[in-house]
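Worksheet: the structure to be examined is printed underneath.
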Amino acid sequence: MKLVLRGHHLLCLQGFQGYGYDDDFVKNMTLINKKRKSEDTTILLTNDADDICEYCPNLKNDLCQNQAQNELIRSMDNEVLTRIDATQEHDSLELFAEVENIFNSKESVSKICHNCKWHEECLFYQKL
């Protein structure tokens, strides 16, 4: 199975524990988190709306809320994608192992997570 994920969602999925904007978002995020742990899952990377964004109530006309917010989110994606090859399809298990090695301190995620509204609940951020 194939997933399309934004760069910063590679971090979010590792810290996800059931919080979200609404029930539909949480159900979708839970399903994607389960799929990404499967041996037969591949991932295409993007800095645009992805499989998680489809259920986000902030997605309007393929933008996260508005142009300014979308650019902020895109900059978070790009910060991740500068360290991972976004031109190829990735094996999910290998990709998430690589992400965990690259982003292994609060300093390594400071430009990505510092303004995130979920960082207090995020298991990935808390373990750093």
Side-chain angles (χ1 to χ4, degrees):
M1 100 193 56
K2 187 181 298 186
L3 294 173
V4 177
L5 294 177
R6 297 188 84 130
H8 83 274
H9 283 157
L10 298 176
L11 307 180
C12 300
L13 283 165
Q14 293 187 77
F16 177 70
Q17 57 178 332
Y19 297 102
Y21 300 102
D22 60 26
D23 286 342
D24 288 339
F25 180 86
V26 170
K27 287 176 189 173
N28 182 57
M29 185 82 155
T30 301
L31 179 62
I32 289 173
N33 204 26
K34 181 179 178 182
K35 287 179 180 179
R36 68 117 177 151
K37 296 175 183 176
S38 174
E39 290 183 12
D40 66 339
T41 299
T42 59
I43 296 177
L44 291 172
L45 298 170
T46 187
N47 64 358
D48 289 317
D50 66 1
D51 293 340
I52 292 173
C53 297
E54 286 182 32
Y55 287 84
C56 181
N58 296 324
L59 187 66
K60 309 285 188 230
N61 300 317
D62 287 329
L63 294 177
C64 186
Q65 284 185 328
N66 56 51
Q67 189 64 37
Q69 180 67 19
N70 197 68
E71 289 307 314
L72 177 65
I73 300 298
R74 185 172 275 159
S75 71
M76 292 165 52
D77 295 328
N78 290 339
E79 187 66 30
V80 173
L81 298 177
T82 61
R83 301 179 196 169
I84 298 171
D85 183 1
T87 64
Q88 67 175 343
E89 192 170 305
H90 295 268
D91 172 86
S92 183
L93 298 177
E94 291 173 8
L95 176 61
F96 278 91
E98 181 181 355
V99 166
E100 196 167 338
N101 285 329
I102 294 170
F103 301 98
N104 57 13
S105 68
K106 286 194 178 179
E107 293 77 29
S108 67
V109 299
S110 64
K111 291 183 180 177
I112 304 157
C113 302
H114 70 284
N115 286 327
C116 176
K117 70 186 256 177
W118 304 107
H119 80 267
E120 293 297 323
E121 292 88 8
C122 177
L123 295 175
F124 179 76
Y125 186 80
Q126 294 306 316
K127 79 175 182 176
L128 301 175

Starting at CG of D24, measure out to SG of C56 and round the result to the nearest 0.5 Å.
-> 11.5 Å

Which residues pass the salt bridge (charged side-chain N to carboxylate O under 4.0 Å, His left out) test with K34, sequence neighbours left out?
-> none

Determine yes or no for a side-chain-to-main-chain donor-acceptor pair under 3.5 angstrom, with N104 supplying the side chain and N101 the backbone.
-> yes

Linking I/L/V/M/F/W/Y whenever their side-chain heavy atoms sit closer than 4.5 Å, directly or via other members, would L93 and V80 fall into one cluster?
-> no

Is there a chain of hydrophobic side chains (I, L, V, M, F, W, Y, each step under 4.5 Å between heavy atoms) that links I102 to V109?
-> yes

Minimum heavy-atom distance I84-F103, with the two atoms named | CD1-CE1, 4.4 Å

Closest non-hydrogen atoms of S108 and S105, given as atom of the first, atom of the second and distance, are OG-O, 2.6 Å

Just wondering, do C12 and M29 contact through their side chains at under 4.5 Å, heavy atoms?
-> yes

Quick one: CG on D77 to OG1 on T82, what's the gap to the nearest 0.5 Å?
-> 11.0 Å

Please list, chain by chain and in numerical order, all residues satisfying side-chain hydrogen bond (donor to acceptor under 3.5 Å, both in side chains) with K106, sequence neighbours excluded.
-> none

Group every Ile, Leu, Val, Met, Phe, Trp and Tyr by side-chain heavy-atom contacts under 4.5 Å, then state whether L5 and L63 land in the same group.
-> no

Side-chain heavy atoms of T30 within contact of F16, under 4.5 Å | yes

What pair of heavy atoms forms the shortest contact from A86 to L81, and how long is it?
-> CB-CD2, 4.1 Å

Scanning both residues in full, the closest heavy-atom pair of M1 with S38 reads CE-OG, 4.4 Å

Can you establish whether the number of heavy atoms outside D23 located under 6.0 Å from its atom CG is more than 12?
-> no

Within 6.0 angstrom of N61 CG, more than 12 heavy atoms from elsewhere | no

Minimum heavy-atom separation for P57 to K60, with atom names?
-> O-NZ, 2.7 Å

Partners of F25 by ring pair (Phe, Tyr, Trp, His ring centres under 6.0 Å), sequence neighbours excluded?
-> Y21

Does CD belonging to E39 count more than 12 external heavy atoms closer than 6.0 Å?
-> no

Would you indicate whether the side-chain heavy atoms of E100 and K127 approach each other to under 4.5 Å?
-> yes

Hey, what do you get for SG (C113) to CZ (F124), rounding to the nearest 0.5 Å?
-> 7.0 Å

Could you state whether Y19 and L10 fall into the same hydrophobic cluster, counting links through intermediate Ile, Leu, Val, Met, Phe, Trp or Tyr residues with side-chain heavy atoms under 4.5 angstrom apart?
-> yes

Under the side-chain hydrogen bond (donor to acceptor under 3.5 Å, both in side chains) test, residues paired with Q14 that sit two or more places apart = none

Could you state the interatomic distance from CG (D85) to NE2 (H90), rounded to the nearest 0.5 Å?
-> 5.0 Å

Could you list the donor-acceptor pairs under 3.5 angstrom formed between side-chain atoms of residues 41-51 and any protein atom two or more places apart in sequence or on another chain?
unit_1 : atom_1 : unit_2 : atom_2 : d
T41    : OG1    : K35    : O      : 2.6
T42    : OG1    : E89    : OE2    : 2.8
T46    : OG1    : D48    : N      : 3.1
N47    : ND2    : N78    : OD1    : 2.9
D48    : OD1    : R74    : NH2    : 2.1
D50    : OD1    : H9     : ND1    : 3.4
D50    : OD1    : I52    : N      : 3.0
D50    : OD1    : C53    : N      : 2.9
D50    : OD2    : R6     : N      : 2.6
D50    : OD2    : H9     : ND1    : 2.6
D51    : OD2    : V4     : N      : 2.8

For F96, all residues meeting ring pair (Phe, Tyr, Trp, His ring centres under 6.0 Å), sequence neighbours excluded | none

To the nearest 0.5 Å, tell me how far E71 CD sits from Q67 CD.
-> 5.0 Å

From CD1 (I73) to CD1 (I112), nearest 0.5 Å | 11.5 Å

